[in-house]
Every structure is written in C-alpha cells, then in structure tokens.
Participant: 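So that we are looking at the same thing, I have put the structure below in structure tokens.
This chain uses plain numbering: 1 for the first residue, then up along the sequence. Please read these numbers as outputs of a predicted model, since none were measured by experiment.
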Amino acid sequence: MLELNKSGTDRPGPGRLPAQGAGPDARPADGSPAPDAATAAERVPLRPYVIVAAILCGLYFLYSYLQYSRFGSPSWDLGIFEQEVRAYADLRAPVVDIKGPGYLILGDHFSPIVALLAPLYWLWPSAEALLFAQAALFALGAVVVGRTTQQLLGGRSGLCVTVAYGLSWGIQEAVKADFHEIAFAVPLLALVCRALLLKRWTAALLWSLPLVLVKEDLGATVAVVGFLLFVYGRRLQGALLAAFGVAAFVVTLMVLIPAASSAGTYDYWQKIDKKGEQDVSMVDSLLGVLNSSVKIEMLVFLVGITAFMALRSPLTLLIVPTLGWRLLSQDSNHWGMVWHYSAILMPVLFLAMADGVRRSRGSHRPWLASYAKVVVPVSVAIAVAMTQHLPLRDLLRPATYSTDARTDMARAALKAIPAGARVETDITLMAHLTSDRTVYWIGGAPGTAPDIVAINLDFGWSRPIQDPVAYAEQLHPEARYQLKHRGGSFVVMERTTPEPAGIPGVRGGLSPAPGPYARRPHPVDGCGLRSERRAARVTWSG
C-alpha cells in the first residue's frame with residue numbers, strides 16, 4: 001500500500017538488523033539515504049544504459065519506419081503533427097489544414113513543446129523525423145529509469161528494469177500509434193521521479209515545469225508532484241508547485257485553448273459529458289469509472305507489469321490525473337491498452353516499482369521482504385512474455401520487411417500528386433504528403449476546391465465509392481475533376497476548373513500565387529482522436 005508518511009522501508013521489528021541493499025547504494029531500513037548517496041550517480045556507469053537505449057531506439061524507429069513505409073499509419077495524427085512541426089519550422093503560427101482550413105492547433109490541444117522539433121525538421125523535412133524523435137525520447141526515458149533503479153537497488157537490477165520498461169506494453173503501443181506530443185512527457189516524468197527518489201527536491205520542481213507545455217491535462221500531474229514535495233517535507237516548494245500546476249491546468253483549459261479555438265471552448269469536455277448525442281451527468285461519469293471490463297483489464301495490466309510492487313510507492317499517485325480523465329471519458333478509445341495514452345505512465349510505474357522494492361527489502365513481513373527479491377526478474381519476464389502479443393513482435397516476421405502490391409500502388413499514387421499541390425485525402429496517403437503539399441482531411445475542407453483529391457477506395461468508407469470523380473465533385477460542387485491516376489484501390493483526381501478567388505483558410509481568403517500548384521500558407525494540424533473512426537462517418541451519397 002502507499003505509505004506517504006515514510007520515505008523508506010517498513011521499520012524493522014525488535015531485535016532485527018536493518019536490511020542492506022545488494023549494491024553500493026545500500027540504504028538503512030528506514031529508507032534514509034546512505035552516506036555516499038550523493039555520489040551514487042558517478043558510480044553507476046552510463047555506457048551500458050546508452051547501449052541498451054540505442055538498441056531500443058533502433059527497434060522503435062525500425063517498427064515505425066516500416067509501418068510508415070507500408071502506408072500503415074493507424075490514424076491521422078502523424079500528418080497532423082507534421083503539419084504542426086512544419087509550420088514551426090517555417091516560423092509560422094501552428095495553423096493546420098487537416099483539422100480544418102485555417103485551424104489553429106493550440107485551440108485543440110495545448111502542446112507548444114512540439115516546436116522543439118523544428119530544428120530537426122529543418123534537417124529532415126519528413127514525418128520520419130517525428131518518428132525518430134519519438135523513438136529517441138522513449139529510449140531516453142529508458143536510460144533514466146534504468147540508471148535510477150541501479151542507484152536505488154544496486155546489482156544488475158538497472159539493466160533488467162531498462163529492458164522491462166523498454167518492452168512494456170504502454171511504450172510499444174505508443175510506438176505503433178505513430179508520433180504524439182506525449183513523447184516529451186516520458187523522459188520528463190522519468191526525471192521528475194528520479195529527482196524525487198534521490199531527494200533532489202529542486203530538480204524535481206524544475207523538471208516538472210515543462211510538463212504544462214506538453215499537453216493541457218499535465219498541469220494536474222504537476223500539482224501532484226507539488227503534493228508529494230509537500231508530504232516529503234518541502235512544504236513551501238510543494239505548495240508553490242501544486243498551486244502552479246492547478247493554475248496552469250485551469251488557465252490552459254479555460255483561457256488559452258478557448259482563445260485559440262474558433263469555437264471558443266475546449267472541445268474535449270464532450271468526451272466526458274456526452275456519450276454520442278446523449279448528455280451524461282458528472283455523477284454518472286463518476287459512477288461509471290469502472291463500468292467496463294476493458295477499464296479493469298487496463299488497470300490490472302498497468303500495475304501488473306511491475307508485479308504489483310509499484311503500489312508500495314507514493315510515486316504511483318502521479319498516474320492518478322491521467323487515469324482520472326481516461327476513466328471518466330465516454331470514448332472507449334481512452335480505456336484500454338492500445339494507442340499512446342499509457343506511455344507516460346510507464347516511467348512512473350517502473351520507478352515506483354524500484355522504490356517499492358527498496359521499501360520492502362527491510363519489511364518486518366517476511367513474505368514481503370522475500371517477494372521484493374524476485375520482483376525485478378518477474379517484471380522482466382512479464383514484459384518479454386507480453387511482447388509475443390505486442391507490436392515489436394512483428395519485427396521477427398519476414399512479411400514485415402516485404403513490399404506488397406498495395407504499397408507499390410500507394411507509391412505510384414504519390415508520384416501522381418505534384419509537389420506544392422493542395423490535396424484532400426484520407427489517412428492512407430496523408431502523412432506522406434504533408435512535408436511538401438497542403439493537405440486537407442477528406443470531406444473536411446468545403447469550399448477549398450483542392451487541386452487534387454486522392455482516395456483509397458479500400459479505406460473503409462461507410463458506403464462504397466462507385467464513382468470517385470462524382471464523389472470529388474460532390475465534396476466540391478464549386479469545381480470539376482477528372483481522373484488523373486488509378487492503380488488498384490488508389491485514385492487520384494485533378495481539378496479541371498480554375499481555382500476559386502477565395503479559399504477558406506488561406507491568409508486573407510485569397511489565392512496568394514498564380515499557377516495550379518502554387519505553394520500556399522497552410523495551417524498546422526494538432527493532435528486528433530482516431531481519424532479512422534471519423535472516416536466511418538464520411539458517407540458517399542451518390
């Protein structure tokens with residue numbers, strides 16, 4: 001159980017000697033730092049962790065690259081984030097067309113930290129740059145988690161936990177889900193937890209501050225860090241940080257996002273108070289936090305990957321804000337073990353596990369002290385066993401590296417779309433076009449008369465598209481289109497009528513340059529929820 005009134009293990013009973021750790025950083029039974037704890041970092045070698053992290057980064061990026069190269073992006077988010085980063089790299093406001101012509105992405109999710117990827121994008125203007133950045137950030141989290149664990153527990157525990165964290169289902173599912181802004185939160189939270197465990201209070205405070213720039217809900221997590229600092233005796237620092245976290249959370253949701261949103265509100269409130277078209281009261285939302293076996297399964301596997309030892313550490317409180325909004329949400333995508341939502345919980349849980357083992361080694365409960373000795377290898381075994389059913393397993397399948405006919409047809413369709421064109425398309429081709437074209441979501445850009453409409457007929461439309469040209473003209477009655485390219489299920493149509501004088505979302509509402517494919521300013525897109533779900537609602541009506 002969580003023990004907020006202690007900073008170490010259970011106290012030994014009368015006549016019992018304090019338990020000592022297995023490594024050079026052994027601690028007394030009350031959990032107080034060993035005399036040489038301040039120099040523990042220097043005694044933990046960095047090179048082994050860098051090597052393991054480099055391997056993990058390579059595996060993450062290889063999986064992401066192969067999925068991207070085979071046109072297997074699971075959602076529209078990668079295209080959205082590339083548009084956002086491209087805008088920052090061009091020193092423009094983060095306005096995105098995929099979410100809607102002229103859409104300012106900071107009115108969707110508040111993630112200005114993504115601008116840090118602009119220098120990388122200058123060197124590598126492609127969605128692949130974002131995938132590599134995410135792989136590197138996840139791997140950086142592994143270094144922090146592993147080295148901290150070795151400092152706390154000694155022996156080979158650090159490298160074992162690095163592997164367990166690196167193969168954890170939360171990280172693997174996030175890799176499969178393509179890039180998301182939460183990649184920045186993973187190493188930041190690892191550094192926060194490290195600082196708390198090593199009693200580096202000022203460092204914990206400073207590493208917490210950037211979290212409010214990662215995503216709007218993380219202000220609540222920062223407030224919990226402040227609470228922990230307060231409980232650990234740093235009352236002034238804790239109170240100030242908690243107040244800052246609450247203020248950042250409220251201001252971001254109530255002021256900053258509504259100010260940037262064309263609707264003047266935070267759209268994702270509806271994920272909690274609406275189920276479809278039906279209103280849901282807050283009481284019903286609270287009563288329904290555990291109303292699904294999917295939610296319960298997710299919770300069990302969250303603590304299960306640490307052999308349930310994370311429950312022994314107060315650090316586990318840091319996962320409560322993220323779990324809170326996910327369990328309150330009426331969107332089933334937020335409940336389970338897929339997508340990227342659990343990635344930020346992984347460094348917290350694994351470092352909480354290390355803290356739990358440290359606390360349990362000197363427990364007066366013999367069974368708990370004995371169990372603490374095997375928790376680390378058990379967590380590794382769980383991670384390896386679960387990988388048999390997780391994304392990285394695909395790297396062992398020869399078919400993953402082969403090019404099929406669908407991939408060849410998709411590449412041919414890309415070649416038929418000129419650079420600089422304004423393109424309306426679905427998820428399949430989207431992230432492959434955003435680096436040098438203006439890209440709209442199919443059916444989400446009325447009145448724009450894009451130069452090209454490109455669709456994958458096998459995308460999963462609610463009704464089959466029998467006449468693609470007629471479908472394009474139905475979307476844009478102000479223009480006429482003709483078939484330019486067709487290969488298998490991929491169809492590319494080109495506008496044959498002149499470009500409209502006013503184009504929604506284009507600065508000033510006017511076409512800024514002549515020519516059919518003149519490059520135009522475009523808004524950057526932000527994080528969206530499951531575009532493949534939205535695709536099912538794009539209907540073909542004639």
Side-chain angles (χ1 to χ4, degrees), residues 76-100 102-125 127 129-134 136-138 140-141 174 178-189 191-192 205-223 225 241 244-269 321-322 325 340-341 343-344 434 521-529:
W76 65 351
D77 292 351
L78 182 58
I80 284 174
F81 280 108
E82 186 180 2
Q83 282 193 336
E84 181 175 5
V85 174
R86 177 181 166 186
Y88 285 126
D90 290 344
L91 304 181
R92 293 185 283 107
V95 179
V96 182
D97 293 317
I98 294 175
K99 291 282 288 185
Y103 191 94
L104 184 63
I105 198 54
L106 296 179
D108 184 57
H109 287 303
F110 190 75
S111 306
I113 200 169
V114 173
L116 293 179
L117 295 179
L120 175 62
Y121 198 78
W122 293 336
L123 302 174
W124 191 359
L130 278 63
L131 298 175
F132 176 78
Q134 176 169 271
L137 289 166
F138 286 167
L140 176 59
D178 285 336
F179 177 86
H180 288 89
E181 75 285 275
I182 54 90
F184 286 96
V186 170
L188 284 173
L189 281 168
L191 288 164
V192 169
L205 185 151
L206 294 177
W207 284 121
S208 299
L209 299 180
L211 287 170
V212 301
L213 303 178
V214 176
K215 200 175 179 185
E216 62 275 5
D217 62 294
L218 288 176
T221 302
V222 172
V225 177
L241 184 61
F244 170 78
V246 171
F249 179 77
V250 172
V251 170
T252 303
L253 266 62
M254 300 297 186
V255 179
L256 298 181
I257 291 179
S261 171
S262 58
T265 186
Y266 179 55
D267 291 340
Y268 293 94
W269 290 128
T322 297
W325 71 258
H340 57 288
Y341 303 109
I344 65 172
T434 44
H522 67 283
V524 166
D525 203 344
C527 178
L529 294 175

Participant: For Leu218 and Leu211, which heavy atoms make the closest approach, and how far apart are they?
Facilitator: CB-O, 3.5 Å

Participant: Which distance, rounded to the nearest 0.5 Å, do you find between the CG of Leu188 and the CG of Leu140?
Facilitator: 9.0 Å

Participant: Test of understanding: with ring-ring contact (aromatic ring centres under 6.0 Å, His included), list the residues that count as partners of Tyr121, not counting sequence neighbours.
Facilitator: none

Participant: Please report the interatomic distance CD1(Ile257) to OG1(Thr265), rounded to the nearest 0.5 Å.
Facilitator: 9.5 Å

Participant: Over 60° means perpendicular and under 30° means parallel, so classify the ring planes of Phe184 and Phe179, tilted if in between.
Facilitator: perpendicular

Participant: Just how far is it from atom CH2 of Trp76 to atom CD1 of Ile98, taken to the nearest 0.5 Å?
Facilitator: 8.0 Å

Participant: When you look at Leu209 and Phe244, which way does the side chain to side chain contact (heavy atoms under 4.5 Å, CB included) test go after all the steps?
Facilitator: CA-CA 9 Å; Leu209 299 180; Phe244 170 78; 3.6 Å; yes

Participant: Are Tyr268 and Trp325 close enough, and set up right, to give a side chain to side chain contact (heavy atoms under 4.5 Å, CB included), and what steps lead you there?
Facilitator: CA-CA 10 Å; Tyr268 293 94; Trp325 71 258; over 6 Å; no

Participant: For Lys99 and Asp108, which heavy atoms make the closest approach, and how far apart are they?
Facilitator: NZ-OD1, 3.3 Å

Participant: Looking at Gln134 and Asp178, what are the two nearest heavy atoms and their distance?
Facilitator: NE2-O, 3.2 Å

Participant: Side chains of Leu131 and Leu78, heavy atoms from C-beta outward: is any pair under 4.5 Å?
Facilitator: yes

Participant: Ignoring hydrogens, what is the shortest heavy-atom contact between Pro94 and Leu104? Give both atom names and the distance.
Facilitator: O-CD1, 3.4 Å

Participant: Indicate the ring-plane relationship of Trp269 and Tyr266, choosing parallel, tilted or perpendicular according to the 30° and 60° boundaries.
Facilitator: perpendicular

Participant: Could you walk me through whether Tyr88 and Leu117 pass the side chain to side chain contact (heavy atoms under 4.5 Å, CB included) check?
Facilitator: CA-CA 8 Å; Tyr88 285 126; Leu117 295 179; over 6 Å; no

Participant: Taking the side chain as every heavy atom from C-beta outward, state whether Val212 and Thr252 have any pair of such atoms under 4.5 Å apart.
Facilitator: no

Participant: In Å and rounded to the nearest 0.5 Å, what is the CD1 to CZ distance from Ile182 to Phe138?
Facilitator: 4.5 Å

Participant: Counting distance only, does the side-chain N/O of Ser111 pair as donor-acceptor with the main-chain N or O of Val214 below 3.5 Å?
Facilitator: yes

Participant: With no hydrogens and no angle check, is any side-chain donor or acceptor of Gln83 less than 3.5 Å from a backbone partner on Asp97?
Facilitator: yes

Participant: Please find the pair of heavy atoms, one from Pro210 and one from Ile113, that lie closest to each other, and give the distance.
Facilitator: O-CD1, 4.3 Å

Participant: Nearest 0.5 Å please: distance from the CD atom of Glu181 over to the CD1 atom of Ile344.
Facilitator: 9.5 Å

Participant: In chain order, what residues pass the side chain to side chain donor-acceptor pair (under 3.5 Å) check against Trp122, with sequence neighbours excluded?
Facilitator: none

Participant: Hey, could you give me the CG/CG distance between Leu256 and Leu106, rounded to the nearest 0.5 Å?
Facilitator: 9.0 Å

Participant: If every non-hydrogen atom of Ala115 is compared with every non-hydrogen atom of Pro119, which pair is closest and at what distance?
Facilitator: O-CD, 4.1 Å

Participant: Would you call the rings of His180 and His340 parallel, tilted or perpendicular, where under 30° means parallel and over 60° means perpendicular?
Facilitator: parallel

Participant: Side chain to side chain contact (heavy atoms under 4.5 Å, CB included) between Leu189 and Thr221: does it pass, once the steps are laid out?
Facilitator: CA-CA 9 Å; Leu189 281 168; Thr221 302; 4.0 Å; yes

